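A short write-up of the structure that comes next.
None of the values given here were measured: they were computed from a predicted structure. Each chain gets a letter, A, B and so on, in the order its sequence line appears, and its residues count up from 1.
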Amino acid sequence: MNLIEVIKENVIRGHTDSNAKYPPDLAGKPGVKDLVQNAIDEMIPASQILNESLIAGMEIVGSKFSAGEYFVPDMLLSAQAMKSGMQIIEPLLKSEDSKKIGTVVIGTVKGDMHDIGKNLVRMMLEGGGFEVIDLGINTPPEKFIEAAKKYPDAIIGMSALLTTTMENMRISIEALRANGLNNKVIIGGAAASQKFADEIHADGFTRDAAQSVQLVKRLIGLAA
Amino acid sequence: MNLIEVIKENVIRGHTDSNAKYPPDLAGKPGVKDLVQNAIDEMIPASQILNESLIAGMEIVGSKFSAGEYFVPDMLLSAQAMKSGMQIIEPLLKSEDSKKIGTVVIGTVKGDMHDIGKNLVRMMLEGGGFEVIDLGINTPPEKFIEAAKKYPDAIIGMSALLTTTMENMRISIEALRANGLNNKVIIGGAAASQKFADEIHADGFTRDAAQSVQLVKRLIGLAA
Amino acid sequence: MISTVEKKLIISNPDELFFGLAPKPVKCQRGFEIGNGVVYPEINFTLPQIIINESTWKEVKSIYTEIIGEVCKRAIELKTPALVVEFELLPPMTMNPEWGAEITKILSENLDVFYKKSGLKSALRVTPVDIRDTNRPPLMRSGELTVNMFRSFELCAQAGADMLSIESTGGKEVHDDALVNADLSGIIFSLGILAVKDMQYLWERVVDISKNHNVIPAGDTGCAFANTAMILADKGMIPKTLAAVIRVATVVRSLQAYLAGAIGPSKDCAYEGPYIKAITGIPISMEGKTSACAHLSYLGNIASAAADLWSNESVQNVKLLSAYAPVVSLEQLIYDCRLMNLALKNGNEFTLKYRNLMVESDAGLDPQAYILKPEIIISLSQKIIQEDSPYKMTLCAVDETLKLLRDASDKKEIKLNEMELRWLDILSMQFDEIPGDEINLIKKMKNGIYADKFLPAEYDI
Amino acid sequence: MISTVEKKLIISNPDELFFGLAPKPVKCQRGFEIGNGVVYPEINFTLPQIIINESTWKEVKSIYTEIIGEVCKRAIELKTPALVVEFELLPPMTMNPEWGAEITKILSENLDVFYKKSGLKSALRVTPVDIRDTNRPPLMRSGELTVNMFRSFELCAQAGADMLSIESTGGKEVHDDALVNADLSGIIFSLGILAVKDMQYLWERVVDISKNHNVIPAGDTGCAFANTAMILADKGMIPKTLAAVIRVATVVRSLQAYLAGAIGPSKDCAYEGPYIKAITGIPISMEGKTSACAHLSYLGNIASAAADLWSNESVQNVKLLSAYAPVVSLEQLIYDCRLMNLALKNGNEFTLKYRNLMVESDAGLDPQAYILKPEIIISLSQKIIQEDSPYKMTLCAVDETLKLLRDASDKKEIKLNEMELRWLDILSMQFDEIPGDEINLIKKMKNGIYADKFLPAEYDI
Ligand code: B12
Ligand code: B12
């Protein structure tokens with residue numbers, strides 16, 4: 001296995017560096033951080049490391065998760081490992097290479113404090129190469145408006161889990177439109193459904209975090 | 001007990017005439033038909049018989065049914081007994097006295113064959129003094145339109161029991177309005193609800209037949 | 001060819017009438033047998049508020065596709081030993097038989113995929129609507145509606161149905177009125193003559209279609225009669241004793257399907273099922289507390305006492321807090337079945353005790369529950385099958401049930417209020433005047449108050 | 001005043017841990033006692049899709065009025081021996097305590113009417129929301145939210161609540177992150193230290209309020225921790241073994257309510273309830289298959305094995321084919337209860353066998369079900385209460401559960417897949433590094449990755 005492959009493997013296994021104890025069988029062995037440094041030392045181009053090791057690794061992690069072969073904590077270990085590599089190559093990458101493929105603003109709507117689902121969506125989108133601005137929980141329409149003004153190209157994601165807060169998605173969308181803001185809006189959360197999305201004129205809905213990446217890519221024209 | 005009271009009692013007990021076997025304890029005894037004839041012979045005014053015996057009796061029957069003290073077949077027996085009395089006094093009543101207090105057109109909507117509920121509503125309304133035009137089951141919008149044209153003051157009642165036919169109530173109401181017909185519309189049936197009624201701009205809804213009389217009276221301004 | 005009924009019950013010991021075991025199990029294509037020691041869930045579902053026409057057809061299909069996918073997923077997660085799915089067509093899907101077949105195909109193909117991919121054993125029951133009842137008086141043997149109803153059976157069988165059922169309505173045009181008038185002569189005419197004749201006509205044909213397409217002719221239900229009565233009785237509109245009498249009377253008309261060659265499992269809403277099981281030995285489907293989504297009931301537990309399939313009757317595809325309603329129902333059914341199946345594994349003695357809990361739970365609280373007690377099922381069935389003609393059997397069913405209920409009330413095994421008792425008297429009086437001979441009742445009815453409700457020629461009378 | 005736990009279980013024989021009977025029954029105002037030989041339904045309901053504000057408030061009230069009327073009507077029709085109603089406030093109803101009190105009054109008055117008119121025995125549990133969690137890091141002992149939460153208890157108690165409960169969230173601000181990272185040190189810090197301290201603080205006050213208003217301080221639930229874990233595990237997001245470990249760990253924090261003077265019945269969603277029942281003898285509320293409307297579950301039957309109240313957790317007031325969903329749930333609960341209550345009448349031996357069906361139904365299929373086996377509940381509880389501090393008890397709970405699950409997997413009593421086993425290893429490794437001493441973990445956490453998530457002063461640490 002060449003170094004590129006080894007790094008990718010370590011991303012998949014979620015092994016950050018030689019100090020990391022997980023996964024147990026790799027404890028003590030060099031991890032992503034160490035190996036990326038080696039690769040740089042061996043003059044492998046940073047962009048190649050990024051695409052063929054880090055992103056390629058995370059893609060496999062994502063599909064393992066979707067296939068039920070990984071838990072979220074597995075995915076988080078990999079994301080951490082990836083990040084440790086990113087920190088090394090980032091300064092070396094030309095700015096256009098490192099540019100995110102798009103921006104997503106995400107928040108749980110007013111009155112609603114559930115955020116586990118929303119956080120998973122954020123994580124998945126970040127893993128998929130998006131920059132994600134997280135407005136947190138209990139987000140009033142004004143905050144969505146503010147963010148939409150600041151990121152005019154961003155997709156806006158809203159989450160709601162209560163039957164009594166899902167109307168706040170409608171209200172927030174109406175508020176955006178009333179302010180002349182045309183950002184695409186996607187919604188989710190246990191209370192939402194495609195039917196409800198249609199009803200409140202949201203531009204997209206998905207049942208789970210895994211599908212949200214595809215959805216956002218489709219909305220910005222990156223996927224069919 | 002005077003004759004007026006005895007007739008009323010016989011309406012309540014559902015005893016038509018001396019040939020009727022029900023209720024068993026009254027078999028062989030004179031019934032409403034016989035007693036009304038006696039009353040006429042005794043020169044009691046027809047309108048008094050109508051109001052104080054027949055209608056008053058049926059009112060009690062209705063409230064017994066609402067209170068769970070009567071079954072539908074009990075009520076039907078009473079209705080029959082009342083009718084037998086009506087047949088005698090009708091020719092004697094001045095036409096304005098016998099005039100119905102209002103007209104209701106009722107039908108189960110297109111695609112739906114459930115009619116037990118609708119029939120009960122009809123029965124209750126008739127008992128309440130309304131003329132009821134029954135369009136039957138599987139009633140297309142055109143039939144409602146036709147009837148609405150014929151009876152411009154009639155309240156129109158629609159019944160639907162299937163989730164897949166309740167939309168036909170909306171469609172029928174829209175068709176009425178599109179034809180410039182402003183008859184008030186009330187709806188019912190297991191699939192309907194007040195919320196749905198509001199949504200499709202129906203003028204009224206009730207959960208059961210007993211309440212439908214009150215509803216219709218309210219809509220024509222006879223009750224609060 | 002309609003055979004006549006044996007004079008001996010297949011199950012004649014009340015202690016042998018319990019859930020999960022039927023003397024004549026039914027073998028299904030995708031790897032399992034119904035009535036052979038395990039109770040399986042039978043899941044039903046229907047559309048949410050939507051109109052069915054060309055413009056919504058795509059959405060209708062996608063709803064069914066979604067439901068079947070979710071249902072199978074959860075069935076696998078909960079490791080159900082097998083799953084029966086019922087697809088009850090809605091009227092437009094029978095009037096346009098191609099539509100019903102299209103949905104059948106979607107469901108069947110999905111069941112295939114999950115069987116192959118995940119080993120989920122399953123069977124699909126398809127139930128066209130008896131659309132003959134659309135016009136009154138109905139044409140039962142002619143006309144476009146009849147043609148389309150039979151075509152619907154054909155096309156659904158071709159499209160992947162494993163079992164065919166129907167909630168047939170022959171005689172209902174008289175029964176509806178007779179019911180709200182509590183008129184026993186009309187009820188007996190409807191059930192003992194019209195319904196019987198129509199069942200014989202209809203089921204000979206459904207059995208033929210089933211044979212031609214190698215599917216299971218599963219069975220019918222007295223739903224249009226006895227369940228209508230049950231709902232009305234539960235709402236306090238007619239006497240519960242009357243509803244109980246009608247239930248036992250439907251045994252005879254429903255039995256005709258099995259005499260014509262149907263082999264079960266019977267339809268879930270046929271609460272006369274346990275009688276049929278005792279008489280014929282076929283496995284039955286039942287619904288009770290877990291079908292509260294479809295109708296409230298006083299038979300919640302007793303209904304499961306002899307069930308081989310356990311059903312939720314029907315639920316719209318609406319979203320609850322956890323999941324879509326069909327998934328919720330399925331989960332509940334599976335947990336109910338687990339208890340029954342573990343009881344079966346604990347041996348007969350325990351199973352009986354457990355069954356008796358179900359029986360005791362409800363039997364004393366409602367006459368309709370009372371007539372589902374195993375001893376009563378056996379004793380009434382025994383009497384009914386001694387009679388020679390379906391008409392006589394129906395008379396016997398009514399007579400014996402009336403006596404039984406009076407007896408039970410006297411013995412304080414059930415509590416009947418004054419209204420019920422009054423009607424029990426009236427019904428008995430009515431019964432005494434009903435001709436013992438079929439011909440005479442027919443003659444009377446052809447000229448009586450129901451004369452304009454039904455067409456004698458359509459019943460060949 | 002928080003008392004310390006006895007070193008002896010109140011129920012120490014697994015065969016004495018079953019449904020309907022608790023050593024310390026709870027007496028209710030409207031004529032019945034919970035835990036005294038009968039299992040009662042606890043019905044829950046919530047609003048359909050609607051926003052709560054001044055303009056919708058009238059409609060909100062009419063929805064609750066309608067629900068309680070329909071529910072009581074059906075409860076009477078089905079002759080339930082008694083009914084417990086839970087009203088879980090929604091956040092705006094706690095933030096505006098008057099609103100929550102207004103609904104409480106509606107419900108309580110209706111229950112009164114039906115008690116007087118029809119003899120329906122009943123009790124009303126009212127559960128304000130732990131709104132302190134609205135801002136992060138949360139203020140647990142100060143600020144407007146805390147004030148309003150306590151006022152909500154006060155006003156609801158005045159308005160007619162019979163019991164007070166809460167799903168309290170102290171420590172959740174750390175737990176949420178620790179959970180998705182499967183980080184046992186964060187989990188133990190959250191449950192064994194933060195949650196415990198907050199429970200002590202909170203429940204001393206709730207007990208005081210209860211005493212002042214003569215209502216029952218009923219209990220709390222580890223919902224915010226263990227049910228969140230359960231849902232995530234059921235969705236395949238975190239290991240089921242982790243969820244099982246967390247469940248047992250919550251026993252210690254939930255126990256604090258009873259040490260502070262709560263007397264039960266515990267909250268339905270507290271699946272740690274059977275542990276609490278064994279340790280304290282108080283009656284418990286549980287939810288299982290009949291709460292599938294609120295969340296799917298792998299604990300459908302086993303959850304009922306020790307239940308004194310049997311709940312549907314929650315359902316929106318949407319219309320199903322039969323009736324509104326709360327009525328449907330109630331009917332199902334009542335039928336479930338009837339079976340349990342008849343089993344109890346059949347004597348201990350049969351009751352045990354029946355309870356064992358419930359246990360066997362699920363215990364082998366999921367680690368979260370496995371830890372609800374009566375023998376395991378008793379043996380783990382026994383070990384936990386030997387420890388001296390809540391922190392040590394929590395460590396013990398985690399340690400013993402990890403060992404137990406490995407053992408169960410080795411003995412093939414549960415089947416853990418490779419992913420689960422891998423995480424079982426990782427969790428054990430993590431556990432070995434957690435300080436045995438509370439002070440050391442606190443020190444570590446004040447400077448660790450969760451340092452910006454919580455405010456030490458709010459927990460007095
Ligand atoms: C965990 C939980 C909590 C935790 C929240 C922890 C947290 N930090 O989020 C706690 C215990 C604090 C809590 C509190 C409450 N809860 Co809560 N809670 C739940 C529970 C059990 C699970 C939710 C969850 O995390 N699911 C797992 C995640 C991964 O799934 P998800 O959120 O659906 O997200 C996925 C998708 O929906 C999608 N997605 C989500 N968001 C978005 C956004 C976009 C843009 C996209 C594309 C996709 C997407 O992707 C995600 C990943 O696949 C649910 C039950 C349930 N069945 O959902 C109840 C539930 C939602 N809660 C409920 C209630 C009532 C409450 C409380 C009011 C309880 C109380 N009386 O105290 C409070 C309200 C607090 C508030 N104001 O919001 C009810 C709601 C009833 C109703 N009327 O609607 C539920 C349904 C429980 C029930 N069955 O009764 N709750
Ligand atoms: C009896 C019945 C039948 C009988 C109908 C007999 C008849 N002549 O009406 C038969 C057996 C023929 C039948 C057939 C079918 N049925 Co059907 N039927 C029922 C049942 C069991 C009871 C209905 C009833 O009579 N209730 C008693 C009456 C008194 O109540 P009601 O109708 O609600 O009426 C009261 C009020 O609503 C109100 N009201 C009614 N109308 C109106 C109108 C106005 C203006 C007002 C103010 C008030 C009002 O007052 C009435 C008296 O208080 C229901 C179950 C249920 N839970 O409702 C299923 C039910 C409606 N049927 C159902 C189905 C699926 C069917 C079939 C498609 C079955 C099949 N596959 O063959 C066919 C469809 C036929 C058709 N095209 O319509 C489903 C509907 C599911 C869905 N998707 O919506 C139900 C819900 C059963 C179930 N749980 O699955 N059915």
**Request:** Find the one option among D366(C), D336(C), D362(C), L365(C) whose heavy-atom pairs under 4.5 Å with chain D are most numerous.
**Result:** D362(C)
**Request:** Spell out the residues in residues 310-320 of chain C that have some non-hydrogen atom less than 4.5 Å away from a non-hydrogen atom of chain D, in order of number; otherwise answer 'none'.
**Result:** S314(C), V315(C), Q316(C), V318(C), K319(C), L320(C)
**Request:** Indicate, with yes or no, if the rings of F350(C) and F350(D) have centres closer together than 6.0 Å.
**Result:** yes
**Prompt:** Can you name the residues of residues 42-51 of chain D that have some heavy atom under 4.5 Å away from a heavy atom in chain C?
**Reply:** T46(D)
**Item:** Which atom of Y335(D) lies closest to which atom of S361(C), heavy atoms considered
**Value:** CD2-OG, 4.3 Å
**Request:** Spell out the residues in residues 73-86 of chain C that have some non-hydrogen atom less than 4.5 Å away from a non-hydrogen atom of chain D, in order of number; otherwise answer 'none'.
**Result:** R74(C), E77(C), L78(C), K79(C)
**Asked** Given the options M358(D), K345(D), K353(D), E331(D), which has more heavy-atom pairs under 4.5 Å with chain C than any of the others?
**Response** E331(D)
**Prompt:** Taking side chain as C-beta onward, heavy atoms only, is Q332(D) less than 4.5 Å from C293(C)?
**Reply:** no
**Request:** Select one option (side chain, backbone, both, neither) describing which atoms of L296(D) are under 4.5 Å from chain C's heavy atoms.
**Result:** both
**Asked** Which bit of E360(C) is near chain D, if near means a heavy-atom gap under 4.5 Å: side chain, backbone, both or neither?
**Response** both
**Prompt:** Is it the case that more than 12 heavy atoms not belonging to E349(D) sit under 6.0 Å from its CD atom?
**Reply:** no
**Item:** Segment of N356(D) engaging chain C (4.5 angstrom heavy-atom cut-off)
**Value:** neither
**Asked** Taking side chain as C-beta onward, heavy atoms only, is K289(D) less than 4.5 Å from L339(C)?
**Response** yes
**Message:** Shorter than 4.5 Å, heavy atoms on both sides: which option in N341(D), V328(D), I231(D), N346(D) has the most such pairs with chain C?
**Reply:** V328(D)
**Message:** Under a 4.5 Å cutoff for heavy-atom pairs, which residue among A323(C), S322(C), A325(C), A343(C) has the most contacts with chain D?
**Reply:** S322(C)
**Fill in**
The interface call for D234(C) against chain D, heavy-atom contacts under 4.5 Å, is neither
**Item:** Residues in residues 298-307 of chain C near chain D [non-hydrogen atoms, under 4.5 Å]
**Value:** Y298(C), L299(C), G300(C), N301(C)
